[in-house]
K.L.:
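Please see the structure below; I have some questions.
Note that ligands are numbered from 1 as they come in the structure, with each ligand's atoms numbered from 1 the same way.
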Amino acid sequence: MSKVYTDKDASLDVIKNKKIAVLGYGSQGRAWAQNLKDSGLNVVVGLEREGKSWELARSEGFTPLYTKDAVKDADIIIFLVPDMVQRTLWLESVQPYMKKGADLVFAHGFNIHYKLIEPPKDSDVYMIAPKGPGPTVREYYKAGGGVPALVAIYQDVSGIAMQKALAIAKGIGATRAGVIPTTFKEETETDLFGEQVILVGGIMELMKAAFETLVEEGYQPEVAYFETINELKMLVDLVYEKGITGMLKAVSDTAKYGGMTVGKFVINEDVKKRMKEALQRIKSGKFAEEWIEEYGRGMPTVVNGLAQVQNSLEEKVGNQLKDLIQKGKPKTS
Ligand code: NDP
Ligand code: MG
Ligand code: MG
């Protein structure tokens, strides 16, 4: 197993007297700004416009500045706006105004790995990628814990980029859990692969195909929904808590036998071959190229795809069953 960094491996001292500009106050930006500030660090929030984030940041104790003013004397500049916005932000509001040699920090490797942002040679460039959504990063930190993260160094001009990356990781609470070293390439490629073939794409299509199979064969959509979509959470929770072994131990022997034999028949070697093809498209940069083009055209595929899913039978059935499902949930708070 690779080295796991924890609190004892990280010290805030290397960034204690630095000015940190957090660009963006959304999912991650809001959590990072608050956690870093609560860790005693010197944080300024930089935004492009006086919109929703601006108001929110103000109401939560920050005095937001326009990006160009926030980066002017910042030692550490953290990009926490959407990935597809970062290049324009960099070209228009960061690069022309930043202090020479300031650190450029990311929470995902996309823009650096695919060279949408070409950082100056005299800047340290590193990444801290939390393995959870922003609100969880904040919530765990407040409760005394932290969400684990990956760290990577792209440019280490100062010779202490890793110490600074670990300090930021500590400041947001990640070292309370654990921080694992990676590279921009590995983080970017595995992140895209995961969301495409399993977490978002794979699971969604698997649920839809199973639901449609039952409905097309005349079974009630409500029964199909419970079986092919709703129950997935309970199985995933078991895997999350006890591993795949724990999940298998919790289901019936009939389910174990059926799962072990038919699972391989449905998800066969062909599927893996296509997964490798998907990975190849990520590695060659083809996917990134296609996505940048799609984004530039206003994301028609995403907009239409979302509408299609929203209007699908499984979503209609799911919404009708939601009340019923919510009623059965244990009250945790
Ligand atoms: P968000 O979508 O939550 O970012 C929203 C922020 O960006 C707001 O402050 C918003 O300001 C600003 N913003 C949006 N559009 C623009 C624009 N066109 N120009 C200027 N500012 C804009 O981003 P995330 O927090 O999801 O992602 C930030 C980074 O963190 C990304 O690199 C992402 O890959 C990474 N990451 C995200 C994770 C997550 O769970 N979300 C997990 C791990 C990494 P306004 O209110 O004015 O619109
Ligand atoms: Mg991811
Ligand atoms: Mg991703």
K.L.:
With atoms numbered from 1 as shown, which atoms in ligand 1 lie under 4.0 angstrom from a non-hydrogen atom of G24?
P.N.:
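Near G24, meaning under 4.0 Å from one of its heavy atoms, ligand 1 has 9 (O).
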
K.L.:
Which residue and atom name correspond to the protein heavy atom nearest atom 22 (C) of ligand 1, and how close is it?
P.N.:
R49 NH2, 3.7 Å

K.L.:
Any chance the rings of F62 and Y25 have centres within less than 6.0 Å?
P.N.:
yes

K.L.:
Under 3.5 Å, N or O to N or O, is E48 touching ligand 1 that way?
P.N.:
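In this structure, E48 places no N or O atom under 3.5 Å from an N or O of ligand 1.
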
K.L.:
Which residue owns the protein heavy atom closest to atom 10 (C) of ligand 1, what's the atom, and how far is it?
P.N.:
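Residue, atom and distance for the closest contact: S53 OG, 3.6 Å.
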
K.L.:
Quick one: does ligand 1 sit under 4.0 Å from the side chain of K131, the backbone, both or neither, non-hydrogen atoms only?
P.N.:
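Neither; nothing of K131 gets under 4.0 Å from ligand 1.
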
K.L.:
Distance alone, cut at 3.5 Å: any donor-acceptor contact between the side chains of Q220 and Y225?
P.N.:
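Checked: Q220/Y225 side chains show no N/O donor-acceptor pair below 3.5 Å.
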
K.L.:
Taking the side chain as C-beta and beyond, is there a heavy-atom pair between W90 and L104 under 4.5 Å?
P.N.:
yes

K.L.:
Is any N or O atom of S27, backbone or side chain, closer than 3.5 Å to an N or O atom of ligand 1?
P.N.:
yes

K.L.:
Quick one: pull up CD1 in I180 and NZ in K3 and give me the separation to the nearest 0.5 Å.
P.N.:
11.5 Å

K.L.:
Among protein atoms, how many N/O/S atoms lie less than 2.8 Å from the Mg ion (ligand 2)?
P.N.:
1

K.L.:
If you count the atoms of ligand 1 from 1 in the order shown, which ones are under 4.0 Å from a heavy atom of V81?
P.N.:
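Numbered from 1, ligand 1 contributes 7 (O), 28 (C), 29 (C), 31 (C).
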
K.L.:
Tell me the closest heavy-atom pair linking S312 and V309, and the distance in Å.
P.N.:
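Residues S312 and V309, closest heavy atoms: OG-O, 2.7 Å.
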
K.L.:
Does at least one non-hydrogen atom of P130 fall below 4.0 angstrom from an atom of ligand 1?
P.N.:
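Yes, that is the case, since the closest heavy atom of the residue is under 4.0 Å from the ligand.
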
K.L.:
How far apart are the closest heavy atoms of A250 and L238, and which atoms are they?
P.N.:
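Reported closest heavy-atom pair: CB-CD1, 3.7 Å.
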
K.L.:
Please determine whether any non-hydrogen atom of D83 lies less than 4.0 Å from an atom of ligand 1.
P.N.:
yes

K.L.:
Numbering the atoms of ligand 1 from 1, which are under 4.0 Å from a heavy atom of H108?
P.N.:
32 (O), 34 (O)

K.L.:
Please determine whether a side-chain nitrogen of the Lys or Arg among K208 and E205 lies less than 4.0 Å from a carboxylate oxygen of the Asp or Glu.
P.N.:
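Between E205 and K208 there is a salt bridge, with a charged N closer than 4.0 Å to a carboxylate O.
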
K.L.:
Check whether the ring centres of Y141 and W32 lie less than 6.0 Å apart, and answer yes or no.
P.N.:
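Ring centroids of Y141 and W32 are no less than 6.0 Å from each other.
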
K.L.:
Using a 4.0 Å heavy-atom threshold (strictly under), name the region of V85 that reaches ligand 1: side chain, backbone, both or neither.
P.N.:
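Side chain only; the backbone of V85 stays clear of ligand 1.
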
K.L.:
Could you give me the CA-CA distance, side-chain angles and deciding distance for R297 and E293, then say whether salt bridge (charged side-chain N to carboxylate O under 4.0 Å, His left out) is met?
P.N.:
CA-CA 7 Å; R297 287 189 296 125; E293 202 258 339; 3.2 Å; yes

K.L.:
Please find the pair of heavy atoms, one from D156 and one from D124, that lie closest to each other, and give the distance.
P.N.:
C-OD1, 3.6 Å

K.L.:
To the nearest 0.5 Å, what is the distance between CZ on F79 and CZ on F110?
P.N.:
15.0 Å

K.L.:
By the definition salt bridge (charged side-chain N to carboxylate O under 4.0 Å, His left out), identify the one residue from K19, K18, K99 that meets it with D73.
P.N.:
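When salt bridge (charged side-chain N to carboxylate O under 4.0 Å, His left out) is applied between D73 and each of K19, K18, K99, only K19 qualifies.
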
K.L.:
Which ligand 1 atoms does Y25 reach within 4.0 Å, using its non-hydrogen atoms?
P.N.:
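Numbered from 1, ligand 1 contributes 8 (C), 9 (O).
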
K.L.:
Under 4.0 Å from a heavy atom of P133: give me the atoms of ligand 1 that qualify, with their elements.
P.N.:
40 (O)

K.L.:
Just jot down the ligand 1 atoms closer than 4.0 angstrom to any heavy atom of Q86, in number order.
P.N.:
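Answer, ordered by atom number: 31 (C), 32 (O).
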
K.L.:
Share the residues that join L214 in a hydrophobic cluster, the rule being Ile, Leu, Val, Met, Phe, Trp or Tyr side chains under 4.5 Å apart at the heavy-atom level.
P.N.:
Y219

K.L.:
In the protein, which heavy atom is nearest to atom 39 (C) of ligand 1, and how far is it?
P.N.:
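The answer is Q28 NE2, 3.4 Å.
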
